[in-house]
Each structure stands twice: as C-alpha cells, then as structure tokens.
Amino acid sequence: MAAGKIRKKIKKELIGTSDYPSNKVFTISNFITFTRLILTGVFLYLFVTDANRYVALVIYAVAASTDWLDGQIARMTKTVSWLGKLLDPVVDRALLFTGVVGLVARQELPLWVCLVIVGRDLYLFLGNFVVKRYHRRPIDVVFVGKLATALLMSGFTLMLLGMPVLDGLGLVPASITWLPGLNDVSAPLGIYFVYAGVCCSVITGLVYTVKGLSAIRSAIAHPEEEDVDFLNPEIDEADDAETSQVA
C-alpha cells in the first residue's frame, strides 16, 4: 500500500457493484465491450470502402444495440469492474466516431455535426485531466450522456440505412444546406435523431463541467478524502467468519 493512502474497509459482497467496482479484467461484460470495440473497426472498413453497405449496417446496429447489455450483465452478476467503467464510454465514443466519419466521408452528414461531437469529446477529455489533478475517483456517467449516445446511434443507424426519407420541414431557407431536413430538402428520418443527440451532447458537456467543478471544489475543501485508495479497498470478511462459525 502506497504511503499516505487509506484503504477503505467495505463488506466483501459489495465488491463488483456500481459503487465498488472490482479490479477484474476477464468478465463476460468486459468481453462484450471488447467485442463491440472490434465491431466498430469492421463496420468502418466495410462502410467506407463500400464493400457492403447493409452488412456494415447490421454490424453497426449490433454494436450499438448491445450498449446496455454489458452494463446490465455486470450489475446483475456483480462483476462491475473499473476496466468496464472506463472502457464502456470509450467504446460508445468509438461507435459514434466511426458512424460520423463514415457518413461524413460519404457526404451524407454535414461536417459541423462531426466537429461538434469531436469538439465536445476533446473538451471533456482535456477537462478530465484537470479534474484528476484534484479528484481521483472517476465521475460517473450521467443519464443525459447515455441519452445522447442512444439518440446519436439510432440516428446514425437510420442514416446508414438511408430510409425512410421525409420531406423537409421548411423551418429554414433552402440555401442553408448545412441543416438538411430543417430546410425544405428531403432528408432521412435519422437526421432528426442526430439533431436531438447533438443537443443532448452539448447539454452533457455542460453537466460534466458543473460536476467536475463541484468535484474540484470538494477535493480542495476536503483533501483528506482524496487519500482513500478506492481502487484497492480492504475487504471486511467478518460476516463470512460469523456465518462459518454458525454453520
């Protein structure tokens, strides 16, 4: 144990829950997460090279739709791990990036959508380093962030499919070509999901900013709490010993 570190004592049955993730690597949920990461690369290759648009779509849909599966399995089996908590949002971002890059490369999605999504993630990535200087425990994923991911993935999946195509809403002049669907030009249904996802992404950035600043202020006010070694808690096996004696 490193000098100055305090190991928090917790009950053994709490290890593997969302509040007290384990240090395990080889779990079913982590395997699913790694598989989703591999599928993103396969999708991008098939889609950009125009090898088979619909096979690429199926692969993307499978990777996107199983976003909830690894987390559910981890919570149900009490195998939530630090690796899973760190890797899951990375895979979500990889899925979004490959969907964005593929559609922009084929000129089926406005470039500004890509810039907003990438810009927001770069901002949060750099902000995370600032927060970690003061607050060691990772900030948990917020609901609006998961909603943004779900909307964007749904939108990209529908745009990859290319249907259904709807008439433009005519909310802006036709000359504003960077807002397809909101002008009077027909566009795939998926673009509206993308717009909603982009809005939620921006809100997510604001929420994480507030949570990050709050974590920094708390760490400065109570530095002693930052000395807790949350990665390697001390297991309280007192209950197990009592159970064995009774048996």
Side-chain angles (χ1 to χ4, degrees), residues 36-37 40 43-44 60-61 63-65 67-68 71 85-135 137-161 166 168-185 187-218:
R36 293 176 61 227
L37 183 60
T40 61
F43 152 76
L44 186 61
Y60 188 86
S65 62
D67 175 39
W68 61 274
K85 287 177 75 71
L86 294 174
L87 191 60
D88 188 58
V90 171
V91 175
D92 287 346
R93 304 268 59 86
L95 264 172
L96 292 180
F97 288 155
T98 53
V100 167
V101 170
L103 289 167
V104 170
R106 294 177 62 112
Q107 298 183 341
E108 298 178 18
L109 185 72
L111 179 60
W112 70 266
V113 173
C114 178
L115 295 178
V116 169
I117 294 174
V118 173
R120 190 217 68 155
D121 282 358
L122 180 60
Y123 165 74
L124 292 180
F125 178 75
L126 296 176
N128 185 53
F129 281 103
V130 176
V131 174
K132 279 187 175 181
R133 290 184 57 188
Y134 304 91
H135 182 68
R137 187 182 179 98
I139 296 176
D140 290 335
V141 176
V142 296
F143 172 76
V144 69
K146 299 298 287 184
L147 178 60
T149 299
L151 287 169
L152 289 171
M153 286 183 179
S154 299
F156 293 148
T157 300
L158 289 170
M159 292 194 71
L160 292 170
L161 182 61
L166 305 178
L169 299 179
L171 300 178
V172 297
S175 58
I176 303 181
T177 57
W178 51 275
L179 289 175
L182 297 183
N183 52 24
D184 58 3
V185 178
L189 172 64
I191 192 65
Y192 301 108
F193 284 85
V194 172
Y195 288 148
V198 168
C199 291
C200 287
S201 291
V202 173
I203 293 173
T204 302
L206 296 175
V207 171
Y208 278 128
T209 298
V210 172
K211 291 177 73 70
L213 291 174
S214 176
I216 290 174
R217 284 195 294 267
S218 177

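When reading the values below, keep in mind they use all heavy atoms of this one structure, side chains included, and skip hydrogens, waters and symmetry mates.
Put simply, CG on Leu166 and OH on Tyr192 are 6.0 Å apart, with the number rounded to the nearest 0.5 Å. Rounded to the nearest 0.5 angstrom, Asn128 CG and Asp121 CG are separated by 11.5 Å. In this structure, CG on Leu103 lies 4.5 Å from CG on Leu160, to the nearest 0.5 angstrom.
Put simply, the side chain of Trp112 gets close to the backbone of Trp178: a donor and an acceptor are under 3.5 Å apart. The backbone N or O of Leu95 sits less than 3.5 Å from a side-chain atom of Tyr60, completing a donor-acceptor pair.
Scanning all heavy atoms of the two residues, the minimum distance from Leu37 to Ala94 falls at CD1-CB, 4.0 Å. Scanning all heavy atoms of the two residues, the minimum distance from Glu108 to Met159 falls at O-CE, 3.1 Å. Contact record, Asn183 with Pro173: CB-O, 3.5 Å, taken as the closest heavy-atom pair. Scanning all heavy atoms of the two residues, the minimum distance from Thr204 to Ala148 falls at OG1-CB, 4.3 Å.
The side-chain heavy atoms of Leu189 and Leu158, taken from C-beta on, include a pair separated by under 4.5 Å. Side-chain atoms of Cys200 and Val144, non-hydrogen and from C-beta on, do get closer than 4.5 Å to each other. At least one side-chain heavy atom of Val194 sits under 4.5 Å from a side-chain heavy atom of Leu152.
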**OP:** Verify side chain to side chain contact (heavy atoms under 4.5 Å, CB included) between Val172 and Leu182, making sure each step is shown before the conclusion.
**Re:** CA-CA 6 Å; Val172 297; Leu182 297 183; 4.2 Å; yes
Only pairs under 3.5 Å count here: list side-chain donor-acceptor contacts from residues 206-216, not counting sequence neighbours, and write none if there are none.
from, atom 1, to, atom 2, distance (Å)
Tyr208, OH, Val142, N, 3.2
Thr209, OG1, Tyr123, OH, 2.6
Thr209, OG1, Gly205, O, 2.7

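Screening Leu109, Leu151, Ile191 for a side-chain contact (heavy atoms from CB on, under 4.5 Å) involving Phe156 leaves a single residue, Leu109.
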